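Before any comments, here is the structure.
A quick note: this is a predicted structure, and the numbers were derived from the prediction, not measured. Residue numbering restarts at 1 for every chain, and letters A, B, ... go by the order of the sequence lines.
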Amino acid sequence: MPELPEVEVVRRGLEKEIKATPFLLKFEFRRKDLRHPIPQEKLNQLHGQKIISVERRAKFLLFRLGSAGFISHLGMTGTWRVLENADEAQIGKHDHILIYLGKQSQDLEPKVLVYRDPRRFGIFDFWEGNVKNLPWGVDLAPEPLTDEFNEEYLFKQTRKSSRPIKSFIMDQAFVVGVGNIYASESLFLAGIRPTRRTRSLSQAECKMLTRKIKSVLEKAIAAGGSSISDFKTFYGTPGEFHLQHFVYGREGQACRKCNTVIKVKSLAGRSTFWCSRCQN
DNA sequence: CTAAATACCTGATGGC
DNA sequence: TGCCATCAGGTATTTA
């Protein structure tokens, strides 16, 4: 469940659980790697410490324990869920990481957070320093839900590129958190075709697009995210935002505003949905 | 063949 | 032209 709204929904679920049982008793790794190797020895040094907060930066989840902590990225198919105990019958072959949590640093009846990721495109890593200091030297762009991401910023950045606007807003170097679903949705709401070149966007269109990116992400968070395929929220219930999609996953169906048939085509390797009448 | 993401490779482009 | 840097698009990763 990987775009910003889904990650934020998971963060809120994790935060609630961790507040009740904040001590990291131990990690249990059932694989030594996901997308990258998992630095097990460094992570195990965190055993016994209290988790102070669960934060989100872009699509990353940051678990803070004092000055250090650990970081989780869900890739395409990563999910977190909680078990009341380590019941082996409830743990499957794609459950790669277990985190035992207790009310105190010694707790005989720990709860267990379980990370499942069939495709293993996710990341689990040690992390220290500040939020900007992510591993792999990733230079992340502004958060879309802050004032730093505004029409002036988007207008200025779009002058530097000649790519299709959809690829541009999905690029984590310009704005973070927008993936394939919310790129198509926000461009529909802004009335802009996904294939438009960035430099062709007017100042007014940049204003509209920044507003729609913010509003669609906020509405999706409020609805518990989009459940595509088998996505479940932290509590095992599906998100409901996909029921409100205007274009994503609706190819061949009637546009909800004008009844024109919604189109789909591949753009930079990703399925892209739009209404040829509502979007210019 | 499709899928919520992104790291890497390569060919294109542009500046000096 | 050439050399180097940057960009953008395609592909690989994996399982259901």
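Atom CZ in A:Arg270 sits roughly 17 Å away from atom P in C:dA8 (whole-Å rounding). Atoms CE (A:Met170) and C1' (C:dG10) sit 14 Å apart, rounded to a whole Å. If you measure from atom NZ of A:Lys59 to atom C1' of B:dA5, you get 6 Å, rounded to the nearest angstrom. Between A:Lys265 atom NZ and C:dG10 atom P there is a gap of 11 Å when expressed in whole angstrom units. Taking atom CD1 of residue A:Ile181 and atom P of nucleotide B:dA3, one finds them 11 Å apart after rounding to whole Å. The separation between A:Lys166 atom NZ and C:dA8 atom C1' is 15 Å, rounded to whole Å. A straight line from CD of A:Gln172 to C1' of B:dT6 spans 9 Å, rounded to a whole angstrom. The NZ-C1' distance, from A:Lys93 to C:dA16, rounds to 9 Å in whole Å.
Within 4.0 Å (heavy atoms only), A:Pro5 reaches no atom of the nucleic acid at all.
Under the stacking criterion of a centre-to-centre distance below 5.5 angstrom and an interplanar angle below 30°, A:Phe121 is not stacked against the six-membered ring of B:dT6.
Between B:dA5 and A:Arg35, no contact under 4.0 Å exists linking OP1 or OP2 to a side-chain N or O. At the phosphate of C:dA8, OP1 or OP2 sits under 4.0 Å from a side-chain N or O atom of A:Ser161. Between A:Lys160 and C:dT6 there is no side-chain N or O to OP1 or OP2 distance below 4.0 Å.
Here C:dT15 is the nucleotide among B:dA7, C:dT15, C:dT14 with the atom lying nearest to any side-chain atom of A:His94. You'll find that the side chain of A:Ser271 is closest to B:dA3, out of B:dA3, B:dA5, B:dA7.
Ring geometry, A:Phe124 versus A:Phe27: the interplanar angle exceeds 60°, so the pair is classed perpendicular (tilted spans 30 to 60°). The aromatic rings of A:Phe188 and A:Phe246 lie parallel to each other, their planes meeting at an angle below 30°, with 60° marking the opposite boundary.
Taking the P atom of each, C:dT14 and B:dC8 are spaced 14 Å apart, rounded to whole Å.
For C:dT14, there is no paired base (Watson-Crick or G-U wobble, both distances below 3.5 Å).
Between A:Asp95 and A:Arg81, at least one side-chain nitrogen of the basic residue sits less than 4.0 Å from a carboxylate oxygen of the acidic one, meeting the salt-bridge criterion. Ionic pairing of A:Arg256 and A:Glu185 is not present here: no N-O contact between side-chain nitrogen and carboxylate oxygen is shorter than 4.0 angstrom.
Within 3.5 Å, no donor on the side chain of A:Arg119 pairs with an acceptor on the base of C:dA16, nor the reverse.
With a 6.0 Å cutoff to the six-membered ring centre and a 45° limit on the axis angle, A:Lys214 does not count as a cation-pi contact of A:Phe149.
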